[in-house]
Amino acid sequence: MAKRPRCGPYICGIDAALDVVSGKWKGLILWELDAHRVRRFAELRRGLPGVSEKMLTQHLREMEADGLVHREVYAQVPPRVEYSLTEHGRTLNQALGPLGAWGSGRMRREGFEVVDAAET
């Protein structure tokens, strides 16, 4: 049985926000679409090393349902589909900025290796 998305009630704003960004790849999808504005599915997959096609599809559908991602389908052969952030998705990405800065500081403090997605 498929898991239904939560629609509250929530304990606090952080609970509601984490409900939307829960999942290993959603934050990275937001980052990739913010950095490149528009991406086709294969471009997103290449930009997110390790994500499976199934998981990327699932997260994109959830993010579209949450109003974070816009999916544009072009009627041509072969079909072309492009993804971009909605205004709502851009505001979420801005809200995640301080969390990203905290994570960057943690990587420096702990000496964690950074993966360059362009090299994978």
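For clarity, every value in this text was computed on a predicted model and none was experimentally measured. No hydrogens, no waters, no symmetry mates; every other heavy atom, side chains included, goes into these values.
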Nearest 0.5 Å please: distance from the CZ atom of R61 over to the CG atom of L56. 10.5 Å

From OG (S22) to NE2 (H59), nearest 0.5 Å: 7.5 Å

In sequence, state the C-alpha distance, the side-chain angles, and the governing distance for L30 and M63, and then conclude on side-chain contact (heavy atoms from CB on, under 4.5 Å). CA-CA 9 Å; L30 285 168; M63 294 171 78; 3.7 Å; yes

Report yes if the side chains of E64 and L60 come closer than 4.5 Å at any heavy-atom pair, otherwise no. no

Would you say the side chain of V51 lies within less than 4.5 Å of the side chain of L44, judging by non-hydrogen atoms? no

Mark yes or no for whether D19, through its side chain, and D15, through its backbone, hold a donor-acceptor pair below 3.5 Å. no

Output the rest of the hydrophobic cluster of V38: all Ile, Leu, Val, Met, Phe, Trp and Tyr residues reachable through side-chain heavy-atom contacts under 4.5 Å, sorted by chain and number. none

Output all residues satisfying side chain to side chain donor-acceptor pair (under 3.5 Å) with Q58, sequence neighbours left out; order by chain, then residue number. E62

Return the set of residues passing side chain to side chain donor-acceptor pair (under 3.5 Å) with R39 (not counting sequence neighbours), or none when no residue passes. E32, H36

Which atom pairs, one a donor and one an acceptor, fall under 3.5 Å between side chains of residues 90-104 and the rest of the protein, sequence neighbours left out?
residue : atom : partner : partner atom : Å
R90     : NE   : E87     : OE1          : 3.3
R90     : NH1  : L85     : O            : 2.9
R90     : NH2  : E87     : OE1          : 3.1
T91     : OG1  : H88     : O            : 2.7
N93     : ND2  : D34     : OD2          : 3.2
S104    : OG   : G100    : O            : 3.1

Name each donor-acceptor pair under 3.5 Å that joins a side chain in residues 68-83 to protein atoms two or more places apart or in another chain, with its distance.
residue : atom : partner : partner atom : Å
H70     : NE2  : E72     : OE1          : 2.8
R71     : NE   : Y83     : OH           : 3.3
Y74     : OH   : E82     : OE1          : 3.2

Using the test side chain to side chain contact (heavy atoms under 4.5 Å, CB included), find all partners of L28 that sit at least two apart in sequence or belong to another chain. W25, L48

Could you pull out all residues at least two apart from V114 that satisfy side chain to side chain contact (heavy atoms under 4.5 Å, CB included)? M107

Check whether more than 12 heavy atoms from other residues, nucleotides or ligands sit under 6.0 Å from atom CZ of R109, and answer yes or no. yes

With salt bridge (charged side-chain N to carboxylate O under 4.0 Å, His left out) as the rule and sequence neighbours excluded, what pairs involving residues 91-106 come up? none

